[in-house]
> 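Before we start, here is the structure in question, set down as structure tokens.
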Amino acid sequence: MDQRPIGVFDSGVGGLTVVSEIIKSLPNEELIYFGDTARVPYGAKTAETVTKFSRQILRFLLSKDVKSIVIACSTASSNSFETLSGEFGAPMIEVISPGVEDCAHVTRNKIVGVIGTEATIRSGRYDELLKEKIPGVQVHSKACPLFVPLAEEGWTHNTITRMTAEIYLQELLDKEIDSLILGCTHYPLLIDCIRDIVGPVRIINAAESTARKLRAFLANNEMENREHKSKGHRFYVSDNTRKFSRICNLVLRQNYEAIKIDIESL
Ligand code: DGL
């Protein structure tokens, strides 16, 4: 048993979709979250910049004595995980492979859609893993850069979001995909709009897949917290605590106050 907290990070509020799933599946665990609200979005940045930002955040989370870290950001997972997992000794879980594994169980026609940020799609990581896991798969990927600002704004159900989703997703529907991976942790915040548009297409929410993977990892390594003595989750951001806390409390249905830190000075 290991009672230390788990570190989770994202560029902003997207990783809260992963936090919400972790809380459901591992209620005894205490989480320390960092949202890089001063520098969101990561999806329009280069791999070098995303890796540099992620490295600073990992140092911050490790200074809090976390037992493992969940990179709850597909952009950082696809662009920086390999480099950073070699640099830091702490166990790290990324969000790409859990979604791919779930997709392999779900697709029937092997025509799969992936939506994500520009940097995630450009990395080719989903393509590579899907082809490894599902022989003969056809992958159709689409960067949806407007989804992140809409989710950060809390515009989860309005007309602008619906119209944007229609424009982005039609192209994938025309390819007859039978499953769609939400390859950005912000996107589950827009899942109702996305579901309305894709209809019977199976949606793979990588946040759920990742929480399951974390649970299995902790169990296999006897690292779960079996006693419920949590001091409560803690949330840190690099800017604008009020805006973050508003969305955080909506997503998690609890009142949390985020703390602002200067991540660049660490
Ligand atoms: N939530 C992130 C992801 O999963 C980052 C989005 C962004 O900052 O552009 O890719």
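Whatever order the structure lists them in is the order used to number ligands and atoms, beginning at 1.
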> Look up atom CD in E153 and atom CG in L189, then write down how far apart they are to the nearest 0.5 Å.
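So the CD of E153 and the CG of L189 are separated by 13.0 Å.
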
> Which protein non-hydrogen atom lies closest to atom 3 (C) of ligand 1, naming both residue and atom, and how far is it?
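The closest heavy atom on the protein side is S74 N, 3.2 Å.
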
> Any idea which protein heavy atom is nearest atom 7 (C) of ligand 1, and the distance to it?
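For this ligand atom, the closest protein heavy atom is Y42 N, 3.3 Å.
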
> Distance from L130 atom CG to T107 atom OG1, nearest 0.5 Å?
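The distance works out to 9.5 Å.
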
> Show me which atoms of ligand 1 lie under 4.0 Å from any heavy atom of V40.
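Within the 4.0 Å cut-off of V40, ligand 1 contributes 8 (O).
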
> Look at R215 together with E224 and state whether they make a salt bridge at an N to O cut-off of under 4.0 Å.
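Here R215 does not pair with E224 in a salt bridge, since their nearest N and O are not under 4.0 Å apart.
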
> Against heavy atoms of G43, which atoms of ligand 1 measure under 4.0 Å?
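Near G43, the atoms of ligand 1 are 7 (C), 8 (O), 9 (O).
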
> Closer than 3.5 angstrom, by distance alone: can the side chain of K67 be matched with the main-chain N or O of D2 as a donor-acceptor pair?
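Yes, because the side chain of K67 sits within donor-acceptor range (under 3.5 Å) of the backbone of D2.
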
> Could you identify the single nearest non-hydrogen protein atom to atom 1 (N) of ligand 1 and state the distance to 0.1 Å?
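The answer is H186 ND1, 2.7 Å.
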
> Around R202, counting heavy atoms of other residues, nucleotides and ligands shown, do more than 12 lie under 6.0 Å from its CZ?
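At most 12 heavy atoms, drawn from other residues, nucleotides or ligands, come within 6.0 Å of this atom.
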
> With a cut-off of 4.0 Å, which atoms of ligand 1 are near a heavy atom of T117?
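Result: 6 (C), 9 (O), 10 (O).
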
> Atom CG of L31 and atom CZ of F235: how far apart are they, to the nearest 0.5 Å?
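Going from the CG atom of L31 to the CZ atom of F235 covers 7.0 Å.
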
> Hey, is G12 one of the residues with a heavy atom under 4.0 angstrom from ligand 1?
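For ligand 1, residue contact (heavy atoms, under 4.0 Å) with G12 is absent.
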
> What is the nearest protein non-hydrogen atom to atom 5 (C) of ligand 1, stated with its residue, atom name and distance?
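Going atom by atom, the protein heavy atom closest to atom 5 (C) of ligand 1 ends up being S11 OG, 3.2 Å.
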
> So is there a nitrogen or oxygen of T185 less than 3.5 Å from a nitrogen or oxygen in ligand 1?
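So ligand 1 has an N or O lying under 3.5 Å from an N or O of T185.
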
> Is the closest basic N to carboxylate O distance between R4 and D65 below 4.0 Å?
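Salt bridge: yes.
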
> Got a second to check how far I57's CD1 is from D36's CG, nearest 0.5 Å?
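Reported to 0.5 Å precision, the distance equals 4.5 Å.
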
> What's the shortest distance from atom 2 (C) of ligand 1 to any protein heavy atom, and which residue and atom give it?
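Of every protein heavy atom, D10 OD1, 3.2 Å lies nearest to atom 2 (C) of ligand 1.
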
> Just need the protein heavy atom nearest to atom 10 (O) of ligand 1, so name the residue and atom and give the distance.
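I find the closest protein heavy atom is T75 OG1, 2.6 Å.
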
